Each structure stands twice: as structure tokens, then as C-alpha cells.
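Given the structure is predicted, the values throughout are model-derived calculations rather than measurements.
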Amino acid sequence: MPSNITVRLPTLEDLETYALEQWECFLLQLISPSHVDKTLNISSSLMKVFQRRLLSQRDREAPKLTESGFQFLLWYIIREYITNSEERGVDAGDLISFMLELSFHVIGEAYNINTLTEFQRNIIKDLADLGLVKLQQGRKESWFIPTKLATNLSVSMTESSSRKEGFVVVETNFRVYAYSTSKLHCEILRLFSRVEYQLPNLIVGAITKESLYNAFDNGITADQIVSFLRQNAHPRVAQRVPAVPENVTDQIRLWESDLNRVEMTEAYYYDEFPSRDVFEGACDCAREWSGLLWEDSKKMHLVVKSEVHTYVRDFLRRQK
């Protein structure tokens with residue numbers, strides 16, 4: 001757009017502030033609506049797509065983030081947006097092409113919306129809600145301005161995360177200090193830690209066994225939590241090796257392994273066999289189909305996997 005038309009473009013600082021505010025507001029609207037100061041005009045169908053994929057809800061409980069939801073807090077929302085494009089009648093190939101093209105636009109420059117197709121104009125409205133672009137209206141023309149979020153679309157998520165300034169300090173006593181004014185940062189920390197109090201620019205919490213079990217129950221893994229703490233380490237500790245104390249990372253993984261000691265398997269229990277020959281034949285049948293879980297040869301008790309139950313049952317019927 002000519003500069004004589006777009007005379008009041010936002011500065012790069014204002015544009016970055018706008019992008020982060022939009023992004024935070026959208027994420028908060030998903031995971032903690034009560035903490036949102038303003039609501040976005042995102043279509044209900046689009047919001048349901050994100051809620052269905054990224055949130056889980058049990059009876060009489062508030063929605064909680066799934067494993068995919070935790071990833072989306074770490075910049076994976078665009079993947080879900082593309083994956084569910086067909087449900088909204090949008091061609092995924094055209095959407096990816098447009099978003100990659102958008103990533104090569106210049107931050108802060110104004111681009112005429114009239115040069116876009118009708119399909120692209122619909123997409124640009126969604127991207128504005130997410131903070132990827134800012135829309136402005138002039139007397140006769142309207143335009144969009146790409147933000148830093150849009151130009152980072154073609155950069156790998158891992159590299160993008162590693163370059164941003166961190167805010168988290170983790171101590172060896174499992175205390176967590178987050179130097180941030182962001183409500184979103186506070187909600188993220190609540191996913192795997194116990195937030196004890198929040199000052200205007202400081203969030204104080206602790207990583208506990210109970211808080212981690214809640215995270216694991218929602219599908220968030222120990223590796224994801226450790227990766228988040230490392231990628232968002234405060235500059236004062238980011239240069240240390242390791243940035244997160246080893247006793248903390250080791251304990252997080254140990255608490256996760258505690259939950260994986262028992263593996264649940266659907267099974268069938270057999271007893272009261274008419275003879276030892278029938279019992280041993282049933283055991284051999286279960287072994288043949290790799291479905292034998294447990295046997296007690298003295299009492300002639302048998303437990304098999306549910307998927308081989310029909311084979312054992314048919315064998316027993318033939319013995320009658």
C-alpha cells in the first residue's frame with residue numbers, strides 16, 4: 001500500500017504488543033475463560049474445533065488441556081488450524097500455500113486486502129484474531145499488516161522457541177519463579193505446578209508430586225514439561241549447564257515412571273477346568289496366539305488377553 005494512504009501505521013513495538021495480546025487472549029479464552037479481559041470474535045465453529053482437539057472434559061469437571069493442548073501452548077495451534085481446514089470447507093493445500101506466502105511478507109508493511117481472493121480474505125480474518133496480522137480500515141481502502149508471528153510461520157517451532165526470552169527460574173528445592181505479568185504464563189504453570197501466589201511481575205509456585213500427577217493424567221509428558229522449563233529459562237540461568245537442576249528433571253521423570261509401573265490389559269479369567277489335560281491345552285492355545293498373561297498350574301487357574309479369549313473358548317468347547 002502507498003505510504004500516502006496508510007499514514008497511521010503502527011510502530012514495530014506496537015505491532016508486537018498487539019500480536020502478543022491477541023495470542024494470549026485467544027489462548028486464555030480456550031483454557032481459562034474467567035481470566036479473559038476481552039473476548040475475541042472467533043466463530044463458534046472454529047472455537048469448537050480447537051476445544052475438541054485440545055481440551056478434554058470429564059463429568060462435572062472443568063475442561064483440561066490434553067497432550068495436544070500443551071503442545072499448542074508451545075506454538076502448535078497452526079497445525080490444528082490446518083488439519084481441521086476441511087471441516088470448514090477450506091482446501092488444506094491452498095491454506096498452507098497462503099500461510100507460507102504470508103510468512104515472506106515484511107513485518108509492519110501494509111498490504112491491500114483487495115489483492116486477496118475471497119478465500120484468502122476469509123482466512124486473514126481468522127489470522128487477525130490469532131494475532132498473526134493486524135487489520136486496518138482507511139477511507140476507501142483496507143489493508144492488513146503482518147506481525148512477527150506471521151513471519152515466523154516458515155521457521156521451525158523449536159528454533160522459534162529457543163530464541164525467545166525466557167522467564168522461568170527453577171531451584172533445586174523444586175520452587176519455581178516466573179518473572180512475568182502474563183496471565184497465560186500463570187495458567188501454563190498451573191498445568192504442572194502448584195501456583196502459591198502471584199505478584200504484579202512475579203509468579204511463585206512449586207513442582208510437587210500431586211501437581212505433576214495431574215499433568216500426567218491430562219496426557220502431558222515429563223519430557224514436555226522439562227523441555228518447556230528449559231526453553232523458557234530466564235536469561236540469568238539459561239547460560240548454566242543445565243539450565244534446570246538435574247535433581248528436578250530426574251525427579252519429574254521418576255514420578256512419571258511411577259505411573260507406568262502397572263500396565264492395564266483387558267483379560268479373561270478361567271478356572272474349574274475338568275482335567276489337567278484340558279487346562280494345559282488351554283494354556284498351549286493361549287501361548288500359540290501370544291495371549292497368555294498368567295497361569296497357576298497347581299490350582300489350574302488361567303488369565304488370557306481379551307483378544308485371544310475366543311480361541312481359548314472355542315478350544316474348551318471342543319473338549320466337552
Side-chain angles (χ1 to χ4, degrees), residues 1-31 36-54 71-157 160 164 184:
M1 294 286 291
S3 57
N4 63 329
I5 296 178
T6 58
V7 293
R8 291 187 298 175
L9 290 181
T11 64
L12 293 181
E13 292 77 10
D14 293 340
L15 200 60
E16 184 167 0
T17 299
Y18 158 81
L20 294 178
E21 286 179 351
Q22 287 291 109
W23 187 249
E24 273 203 17
C25 186
F26 169 70
L27 300 185
L28 276 174
Q29 193 166 323
L30 268 180
I31 65 175
V36 179
D37 296 327
K38 65 173 183 177
T39 57
L40 300 176
N41 295 321
I42 298 179
S43 65
S44 58
S45 60
L46 185 60
M47 186 62 75
K48 287 179 181 178
V49 167
F50 293 134
Q51 289 174 335
R52 185 175 68 250
R53 291 285 297 160
L54 305 171
Q71 290 179 340
F72 108 92
L73 288 174
L74 306 175
W75 303 87
Y76 278 83
I77 190 72
I78 299 302
R79 184 181 65 183
E80 296 301 329
Y81 182 70
I82 295 173
T83 301
N84 294 278
S85 59
E86 294 183 357
E87 295 184 11
R88 308 189 306 275
V90 176
D91 183 83
D94 292 340
L95 176 58
I96 293 172
S97 177
F98 176 59
M99 297 185 78
L100 286 176
E101 178 184 340
L102 184 65
S103 70
F104 288 96
H105 285 47
V106 180
I107 301 176
E109 293 290 333
Y111 295 85
N112 197 331
I113 289 183
N114 292 331
T115 62
L116 303 178
T117 65
E118 183 179 356
F119 156 77
Q120 292 173 338
R121 285 195 291 269
N122 292 330
I123 297 300
I124 210 74
K125 293 178 182 178
D126 290 337
L127 300 185
D129 286 332
L130 299 177
L132 276 70
V133 298
K134 182 176 177 62
L135 301 180
Q136 284 190 338
Q137 176 70 50
R139 292 181 179 179
K140 297 181 179 180
E141 304 280 0
S142 57
W143 54 89
F144 67 92
I145 307 166
T147 69
K148 189 176 181 180
L149 297 182
T151 56
N152 279 342
L153 285 177
S154 61
V155 182
S156 72
M157 302 303 178
S160 176
K164 63 184 179 182
L184 177 62

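The side-chain hydrogen bond (donor to acceptor under 3.5 Å, both in side chains) check on Asn122 picks up nothing, with sequence neighbours excluded. Evaluation of the side-chain contact (heavy atoms from CB on, under 4.5 Å) rule for Leu12 yields Ile107 as partners, not counting sequence neighbours. Partners of Tyr111 by ring-ring contact (aromatic ring centres under 6.0 Å, His included), not counting sequence neighbours, listed by chain and number: His105, Phe144.
Residues Leu116 and Ile123 fail the side-chain proximity criterion, which asks for heavy atoms closer than 4.5 Å.
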Start with the C-alpha distance between Leu135 and Ile113, add both sets of side-chain angles, then the distance that settles side-chain contact (heavy atoms from CB on, under 4.5 Å), and finish with yes or no.
CA-CA 9 Å; Leu135 301 180; Ile113 289 183; 4.0 Å; yes
Evaluate the side-chain contact (heavy atoms from CB on, under 4.5 Å) criterion for residues Asp94 and Thr117: first the C-alpha distance (whole Å), next the side-chain angles of each, then the deciding distance (0.1 Å), finally the verdict.
CA-CA 11 Å; Asp94 292 340; Thr117 65; over 6 Å; no
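Between Leu9 and Ala110, the shortest heavy-atom contact is CD2-CB, 3.8 Å. The two residues Tyr18 and Val133 come nearest to each other via the heavy atoms OH-O, 3.0 Å. Smallest separation of non-hydrogen atoms from Gly131 and Ala19: O-CB, 3.3 Å. Minimum heavy-atom separation, Pro10 to Leu15: CG-CD1, 3.9 Å.
Atom-to-atom distance recorded for Gln120:CD and Phe98:CZ is 4.5 Å, nearest 0.5 angstrom. Considering CG of Asn114 and CZ of Arg121, their distance stands at 6.5 Å, rounded to 0.5 Å. Summarising the geometry, atom CG belonging to Leu102 is positioned 6.5 Å from atom CG belonging to Leu127; distances are rounded to the nearest 0.5 Å.
With Ser142 contributing its side chain and Gln136 its backbone, the two residues share no donor-acceptor pair below 3.5 Å.
More than 12 heavy atoms of other residues, nucleotides or ligands shown are found within 6.0 angstrom of CD on Gln137.
Side-chain atoms of Asn112 and Thr115 include no donor-acceptor pair closer than 3.5 Å.
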